[in-house]
Amino acid sequence: MSLVVIGTMAFDSLETPFGKADRIVGGSALYAAWSASKFTSVKQVSVIGGDFPQQELDALTKNGVVLEGVQIKKDEKSFFWAGRYHNDMNTRDTLATELNVLADFNPVIPESYQDCEFLMLGNLVPAVQMSVINQLKNRPKLIVMDTMNFWMDTAMDDLKEVLKKVDLLLVNDSEARQLSGEFSLVKAAAKIRSMGPKYLIIKKGEHGALLFYNESVFYAPALPLEEVFDPTGAGDTFAGGFIGHLARTKDISFDNMKTAIVAGSAMASFCVEKFGAERLREINHDDIASRLQDFVQLSSFDISLV
Ligand code: AMP
């Protein structure tokens, strides 16, 4: 039984108020895989060009990420994205999105991935997300989907079809508002959940994340950090930690999802400390355990009513 992650593996050029990074490796599936692999092994589905560094692939393999489902188009260029963050670091402008190998990507799910129990549909063309769902012979126990405004602008109809097939959607607050047409996040959550997913997570950057299910809503804070260098990939890292924890414990109860949200938030707090996925590469289990304790300290308190 396994965790399958799909998404982009990319080159990113980033500008933050603290500096610039030119053509570093990134992509939704890269961040999600680094994060989830700290909890369990990962089977990756993506597409890259001949320009993607072999050492990056080797590092992923060494960390328990299976790359059999990653297509390499030797004569083509990898997906490229460029972004510039505003001073608040919570908002950013996309400066360029070059699909390159992604433009005609037809994922092929290897036979060895058919034991997929947990499926993470990372941010990617909705039609490709759908193709992966359709290729799995048995429906996974849990399908989690991430997406972004780019696909709402360019492929909304396809996106809505995928929504009907998934258990949980992850979006940030502005994407939730765009998808639902509602400003109130409570109304937005109800509307989005009526489109398909039983569960909805709305990420609010440095203000934490909300999990909606039936009439319940759970809030997990983000850790206040002294320094945030680069928020790129924080959402994908959150998603990887979230589903990585669920896949490791094989428990998809609402209570365990609350723990998974904290695991995702802890992983995202590491991601933003350095450019790209550098910090995720460095951390070990002790670092993660200690960060989880920080979250416990942050939000637990005693209260006595007189
Ligand atoms: P996040 O900061 O979590 O939203 O993710 C940023 C990552 O998403 C970057 O590494 C980009 O390469 C990747 N990315 C940006 N735009 C897209 C897109 N339209 N589809 C898939 N991945 C994207």
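Note that the structure is a prediction, hence the values are computed from the model and not measured. One-based numbering, in listed order, for ligands and for the atoms of each. Only heavy atoms go into these numbers, but all of them, side chains included; no hydrogens, no water, no symmetry mates.
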Flag side-chain contact, heavy atom, 4.5 Å: Leu159 against Thr147
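Of all side-chain heavy-atom pairs linking Thr147 with Leu159, at least one is under 4.5 Å.
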Can you tell me which residue pairs pass the salt bridge (charged side-chain N to carboxylate O under 4.0 Å, His left out) test with a partner in [range], sequence neighbours excluded?
range	result
residues 295-306	none
residues 115-143	Lys43-Asp115, Glu111-Lys137, Glu117-Lys141, Glu117-Lys250, Arg139-Asp167
residues 151-163	Glu161-Lys164

Working note: Phe18 + Phe229, criterion ring pair (Phe, Tyr, Trp, His ring centres under 6.0 Å); need CA distance, chi angles, decisive distance, verdict.
CA-CA 6 Å; Phe18 301 104; Phe229 272 98; 5.5 Å; yes
Are a donor atom and an acceptor atom from the side chains of Thr249 and Asp251 found within less than 3.5 Å of each other?
no
Which parts of the protein, at residue level, reach under 4.0 Å of ligand 1 through a heavy atom?
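Thr8, Ala10, Asp12, Gly26, Gly27, Tyr31, Phe79, Trp81, Arg92, Asn123, Met148, Phe150, Trp151, Pro231, Thr232, Gly233, Ala234, Gly235, Asp236.
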